[in-house]
2 protein chains.
Amino acid sequence: MALSKIDWTEAALVALARDGLAGIAVEPLARRLGTTKGSFYWHFAHRAELIAATLELWEQRDTTEVINRIQALCDPREELAALGAGAYAGAARGNAHAAVVAAASDPRARTVLERVTRTRLAFLERLYTELCVAAGQAGLQARLAYALYLGIGELRRADPDGARTGHELDDFLTSAVELMMPPGFAPA
Amino acid sequence: MALSKIDWTEAALVALARDGLAGIAVEPLARRLGTTKGSFYWHFAHRAELIAATLELWEQRDTTEVINRIQALCDPREELAALGAGAYAGAARGNAHAAVVAAASDPRARTVLERVTRTRLAFLERLYTELCVAAGQAGLQARLAYALYLGIGELRRADPDGARTGHELDDFLTSAVELMMPPGFAPA
DNA sequence: ACCTGAACACCGTTCAAGT
DNA sequence: ACCTGAACACCGTTCAAGT
């Protein structure tokens, strides 16, 4: 039965996380969707259009929607703690982010990645401002926290079994959230 | 004139950093080296063999040799500070690391990446032990520092112009090195 | 409106033949 | 020992033809 642009884009997002930008390949996707390449070229002008749609979908899912969910907590300390926990859990869910970073030499990937990065940094900076960090320091604090967030995810992907015991992992995440809190604030 | 395995592998490492695992492609490399695909298949059994050689070369350059250079400083605090500075500078030099992380679903990439990660963590853990961090804490400290190190690099690749002024960048790196120092130690 | 199927160019791989 | 050049399979792209 008839496929839509969305069907192709969803499948492409899965492929992006699995095999990087190169994984967004028309023929393999067509096979997986049980259709032909000709079908694809009805919905999209070319592969580049699918890539653009996939990057947009990734931005929507992993940035726009995540920020909305976190903001619903309405307590800056809890929001920070949730981000700290999400750094590790999120890395398990998918490595689309890793794929986009690796593809940063591609102008299309770079554009989306920069927008996502700035949106996330701005969100964090606002959080620190709400936590009464001096206006001049909130940006620095945000960058440090975001670097730690990114690194936690990357470390997990690089060495999934690195923390042998659940206890080690708890200590690691607790310490990470502590580092993300502004001085004088206990984690929520 | 006659090419060697090394010539191909060096070119492949450049391609890996530029275009990811998929960038290690026989025909484009042959074109760049001014030769034919047939030449490649004299030196290598197949593309997979070139990929393996490239990952080994990456490990050698970006882990083995880096650790040797850092260790030559012979002062744990200076070594940590050098690593902190290198986190940012290194990200500019190449994103082979990002390519390998993104390719972590590939068993060959994952194997090398895990070995590199454990080697680096063990090096950091020894550094913290030399800095008199309690034996039970050095591992945790190492993981936090390495996550921050990775994240700094990834943040730079994601948003190269994020720190508008050189002053902002200095503050960022100074704070990062401070976070990497064990409590009670001033940066070198 | 949506899809199939055949065509062609590009890259991985093989291999017989050249120097 | 090292390389060329032709061959073939796979995927991006096009397009005429089908429902």
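We name chains A, B, ... by the order of the sequence lines, and we start the count at 1 in each one.
- For the atom pair B/Thr9 OG1 and B/Leu29 CG, the distance stands at 10.0 Å (nearest 0.5 Å).
- A straight line from CZ of B/Phe44 to C1' of C/dT13 spans 15 Å, rounded to a whole angstrom.
- Here C/dC2 is the nucleotide among D/dT4, C/dC2, D/dG12 with the atom lying nearest to any side-chain atom of A/Ala2.
- Contact annotation for B/Ala48: no contact, since no heavy-atom pair falls under 4.0 Å across all strands.
- Among D/dG12, D/dC3, C/dC11, the nucleotide with an atom closest to any side-chain atom of A/Arg47 is D/dG12.
- Closest approach to the A/Trp42 side chain among C/dC2, D/dT4, D/dC2 is made by C/dC2 (side chain taken as heavy atoms from C-beta onward).
- Note: CH2 (A/Trp8) to C1' (D/dT13) measures 13 Å, nearest angstrom.
- Going from atom OH of B/Tyr41 over to atom P of D/dA6 covers 18 Å, rounded to whole Å.
- At least one side-chain heavy atom of A/Leu13 sits less than 4.5 Å from a side-chain heavy atom of A/Arg61.
- Whole-Å rounding puts the B/Asp7 CG to D/dC2 P distance at 12 Å.
- Distances from the side chain of B/Glu27 to the nucleotides C/dC11, C/dC2, C/dT4 place C/dC11 closest.
- Straight-line distance from the CZ atom of B/Arg32 to the C1' atom of C/dC11: 13 Å, rounded to whole Å.
- Residue contacts for A/Ala22: at a heavy-atom cut-off of 4.0 Å it reaches no nucleic acid atom on any strand shown.
- Within the shown strands, nothing qualifies as a pairing partner of D/dC11 under the Watson-Crick or G-U definition with both distances less than 3.5 Å.
- For the pair A/Glu49 CD and D/dG12 P, the computed distance is 15 Å after rounding to whole Å.
- Nearer to the 5' terminus of DNA chain D, by closest-nucleotide assignment, is the contact made by B/Ser4 (compared with the other of B/Ser4 and B/Lys37).
- Defined by atom type and a distance below 3.5 Å, a donor-acceptor pair is present between the side-chain atoms of A/Asp7 and A/Ser4.
- Closest to the side chain of B/His46, from the set D/dT4, D/dG12, C/dT13, is C/dT13.
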The test is side chain to side chain contact (heavy atoms under 4.5 Å, CB included); show your working for A/Phe40 and A/Leu33 and say whether it passes. CA-CA 10 Å; A/Phe40 172 82; A/Leu33 290 169; over 6 Å; no
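- Each of B/Arg31 and A/Gly38 lies near DNA chain C, and the nucleotide nearest A/Gly38 is the one positioned closer to the 5' end.
- Note on A/His43: a side-chain N or O is less than 4.0 Å away from OP1 or OP2 of C/dC3.
- For B/Thr35, no side-chain nitrogen or oxygen approaches OP1 or OP2 of D/dC3 to under 4.0 Å.
- A/Arg156 places a side-chain N or O within 3.5 Å of a backbone atom of A/Tyr88 that can act as its donor or acceptor partner.
- The CG-P distance, from B/Leu50 to C/dC11, rounds to 16 Å in whole Å.
- Judged by Watson-Crick or G-U wobble contacts below 3.5 Å, the nucleotide D/dA17 has no partner.
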